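Comments concern the structure below.
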Amino acid sequence: MYGANSLLEGLNPEQLRAVTLPNQSALILAGAGSGKTRVLTTRIAWLIQTGQVLPHGLLAVTFTNKAAREMLTRISALLPINTRGMWVGTFHGLCNRLLRAHFRDAGLPQTFQILDSADQLSLVKRLLKAMNVDDDKYPPKEVQYFINANKEAGRRASQVEIGTEFDGRLVELFTAYDAQCNREGVVDFAELLLRCFELLSRNEVLRAHYQRRFSHILVDEFQDTNRLQYRWLKTLAGQANAIFAVGDDDQSIYAFRGANTRNMAEFEREFARGQVIKLEQNYRSHGNILDAANALIRHNTARLGKNLWTAEGKGEALSYYEATSDAEEARFIVDEVRGLKREGVALTDVAILYRSNAQSRALEHALFTSGLSYRVYGGLRFFERQEIKHALAYLRLLANPEDDNALLRVINVPTRGIGARSLEQLQDVSRAQGVSLWQAACGTSLGGKAGAGVATFVRLVEQLKAGSEHLSLPQTVDHIIKASGLLAMYENDKDGQDRIDNLSELITAATVFAEDPVATLAMDEEGNVVVQENADPDGLVVLNNFLAHASLEAGEHQAGEGQDALQLMTVHSAKGLEFHTVFVTGLEEGLFPHENSLNDADGTEEERRLMYVALTRARRRLYLTAAQTRMLHGQMRYNIASRFIDEVPSELIRRLTPPPTFTRGGFAPSGNASPAPARGGFGSGPVTQPDPQSPWRIGQGVSHPKFGYGVIVSAEGRGDDARLQVNFREVGMKWLALQYAKLTPA
DNA sequence: ATTAGTGGTGTTTTT
DNA sequence: CACCACTAAT
């Protein structure tokens, strides 16, 4: 067939085999830069073009919204078809869609709202307080983690095995949490998946319907699926449908949120039955970069095994620069970027990667001073800013006034005389009568000033609701921003201009969203997408979709999209992207690999995979940088170079660093804008006095008979009580009692 | 009721 | 350092 041939042109034999696989499940092990997305999109186009399936019968799942958009764009480029019938989205996005279509069967109100992590945490905190739980013993974050981990494993509170009394209490909290969510009509991220999974497993009619519909299921980044997502896919596939799963176990970097690489092995056994295709030819990077990545990842034991190769030449060597401080590291990068710019490399094609968001500060500072334009991804996302969350909370109340979280967020913003005292009264009423805070606020007449404030608020929300009837979505947003008093509040604030700008940006976002036809589409009871004529007279459906969009896609939309700017982001958010030049920064023990992950082998292997992802982002030029000292938690930390540097064969690396000068011996390094005073002894806190006699200084290299080489990072106590914190190359951070440890200066 | 100020505490990565 | 929770002062 002529069309199909042109579609398949230029594929290598393995890619071709994967694309044209018969209708059966298969696992595609696709290395970094091996044309994974191309295979996925071409497969979809081929299936459609050869008449094996209509767009309607396709379901494609990704992990990020960006990946989903990319996939749709590329499919449209391959085939001149309407992609609307296809379901392409993230697990969370698709589950949201299913639950909105079948909210009754799922036991949810039509206007259910989605809690993001921060919302969830505040709900947990509220619950702990209400239930009189000691939050020292049960830190809110841990309770949150407990709930999510269980949901992601597919377990309801009633299904959690209780080992200890401690667990028992956690389960009680879990139960109470879910009850509260149900009362409020809100779902968290994990609930989105679990609820949807339960809906499909329990409702035979629905399940049969979707199984009949989606004859072809494709999954991107399969290594990132958790247990629940695996079971969700399995349920949707049923006995007859094929799952085409693409993944790379070496790029699994989300174990911390439940991703489970064992899913790949299990999938191979249960579905693919040996139908595994490896894509090992890399089209992205020059040889030296690939050799470095391959050598690094070979240090991991838990691998399915794969080795990338390229037909391209070796290219440049990698560069390694060990700066004396984080500021100096940033300065080096600025210089190099200037050079690259002169060579004609576009700034958008240059990425600066780091392990944690906090590291961007020092880099931003240097870049800002240098005048180079840059763009930071991640960090504080648009929909997570407080002014945006305030505005969204008012909108949520229009859709669903039972949403206690939303009510609490804005009941006194701007201030209207409702303090802790009145809130307590309100919460007492709500608890006693088993009603939402909103109902409590409407129903009761609290005495005195408190009552007046609450009544004002209730009237305000009712006015907002009445006032936005028959308004379009952007008009509604505009209206509530003004009528709620938010705008006036920020106008009175002398540094409120940025927030006002963001609020008007929110109106723009609503305008854009409302223009997108998908927003105004809905589904009939069978899950078929239908165009709505007058089905949404009060705009509630669009509003709900917009609010869901805000939770699920916290902030891809950021200013400065089109400009030629340097790209700053964490390694995690760089996955799937590629650049001409990549700087991998902060390569220090304790930072990358991160100290919290050094306790177990699994954690270290995940860090190494993360490093592998970082290295394989580069096409032509790759810089590795580290800093001997770094400001962290407001104090200076002294680090040794990351083990990952040593895991790259030294013949691939060109070392640019001049020999260290006077960085050892307790002096702050040169080139630092705010040099710390020389430190004579242990530590720097007021508790510990420097001891000029002592041979031990912060930053001093030491060796230990058992732990090997390390660097003194901090210290406390004096004399016999003195304890040193040492960052060891092999075993990480340790506290040692100076009196007993056999340390020698190195 | 609200604000300003204090002290203690903790910090990876994200849909 | 930055964020919180709590206290003292307005």
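Since we're looking at a predicted model, the values are computed, not measured. So that the names make sense, note that chain A is the first sequence line, chain B the second, and so on, each numbered from 1.
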For this session: Check the geometry between A:Phe256 and B:dT13 and answer yes if their rings are stacked (centres below 5.5 Å, planes below 30°), otherwise no.
Result: yes

Exercise. Which nucleotide in the list B:dT2, B:dT11, B:dT12 gets nearest to the side chain of A:Thr415?
Worked result: B:dT2

Problem set entry | 5′-ward residue of the pair A:Leu632/A:Asn412 relative to DNA chain B | A:Asn412

For this session: Rounded to the nearest angstrom, tell me the gap between atom CZ in A:Phe189 and atom P in B:dT13.
Result: 16 Å

Exercise. Given B:dT14, is OP1 or OP2 found less than 4.0 Å from the side-chain N or O atoms of A:Asn148?
Worked result: no

Exercise. Using the rule for Phe, Tyr, His and the six-membered ring of Trp, do A:His594 and B:dT12 stack at under 5.5 Å and under 30°?
Worked result: yes

Problem set entry | Residue A:His92, side-chain heavy atoms: nucleotide from B:dA1, B:dT15, B:dT13 that is nearest | B:dT15

Problem set entry | Separation of B:dT13 C1' from A:Phe592 CZ (nearest whole Å) | 10 Å

For this session: Return yes if the base of B:dT11 and the side-chain atoms of A:His633 contain a donor-acceptor N/O pair under 3.5 Å, otherwise no.
Result: yes

Exercise. Okay, side chain of A:Asn405, backbone of A:Asp119: is any donor-acceptor separation there less than 3.5 Å?
Worked result: yes

Problem set entry | Rounded distance in Å between the C1' positions of B:dT12 and C:dA5 | 25 Å

Problem set entry | A:Leu94 CG - B:dT15 P separation (whole Å) | 15 Å

Problem set entry | Distance-only side-chain donor-acceptor flag, A:Gln229 / A:Asn263, under 3.5 Å | no

Exercise. Between B:dT14 and A:Thr64, is there an OP1 or OP2 to side-chain N/O distance shorter than 4.0 Å?
Worked result: no

Exercise. To the nearest Å, how far apart are A:Met489 CE and B:dT2 P?
Worked result: 13 Å

Exercise. Between B:dT12 and A:Asn357, is there an OP1 or OP2 to side-chain N/O distance shorter than 4.0 Å?
Worked result: no

Problem set entry | Distance-only donor-acceptor check, side chains A:Ser356 and A:Gln359, under 3.5 Å | yes

Problem set entry | Single hit among A:Lys575, A:Gln251, A:Arg257 for side chain to side chain donor-acceptor pair (under 3.5 Å) with A:Asp224 | A:Lys575

Exercise. Side chain of A:Ser117: nearest nucleotide among B:dA1, B:dT15, B:dT14?
Worked result: B:dT15

Problem set entry | Nearest-Å distance for atom pair CG/P, residues A:Leu121 and B:dT11 | 10 Å

For this session: In sequence, state the C-alpha distance, the side-chain angles, and the governing distance for A:Gln113 and A:Val186, and then conclude on side chain to side chain contact (heavy atoms under 4.5 Å, CB included).
Result: CA-CA 5 Å; A:Gln113 305 295 316; A:Val186 295; 4.1 Å; yes

Problem set entry | Set of ring pair (Phe, Tyr, Trp, His ring centres under 6.0 Å) partners for A:Phe267, sequence neighbours left out | A:Phe222, A:Phe271

Exercise. Just how far is it from atom CZ of A:Phe644 to atom NE2 of A:His299, taken to the nearest 0.5 Å?
Worked result: 10.0 Å

Exercise. Nearest nucleotide by nearest heavy atom, which residue falls closer to the 5' end of DNA chain B, A:Gly419 or A:Ser573?
Worked result: A:Gly419

Problem set entry | A:Leu615 and its side-chain contact (heavy atoms from CB on, under 4.5 Å) partner, picked from A:Leu624, A:Ile297, A:Leu610 | A:Leu624

Exercise. Taking atom C1' of B:dT14 as reference, at what distance in whole Å does atom CG of A:Asn596 sit?
Worked result: 16 Å

For this session: Could you tell me whether A:Asp224 contacts a base, only the sugar-phosphate backbone, or nothing, with contacts defined as non-hydrogen atoms closer than 4.0 Å?
Result: nothing

Exercise. Can you tell me how far P of B:dT14 sits from CD of A:Gln144, to the nearest Å?
Worked result: 15 Å

For this session: Examine B:dT13: is either OP1 or OP2 under 4.0 Å from a nitrogen or oxygen in the side chain of A:Lys575? Give yes or no.
Result: no

Exercise. Rounded to whole angstroms, how far apart are CD on A:Gln359 and P on B:dT11?
Worked result: 17 Å

For this session: Using chain A heavy atoms and a threshold of under 4.0 Å, write down where along DNA chain C the contacts begin and end, 5' to 3'.
Result: C:dC1 to C:dA2

Problem set entry | Residues forming a ring pair (Phe, Tyr, Trp, His ring centres under 6.0 Å) with A:His390, sequence neighbours excluded | none

For this session: Could you work out which one of B:dA1, B:dT12, B:dT15 sits closest to the side chain of A:Arg257?
Result: B:dT15

For this session: Answer with base, sugar-phosphate or nothing: what part of the nucleic acid does A:Ser597 contact at a heavy-atom distance below 4.0 Å?
Result: nothing

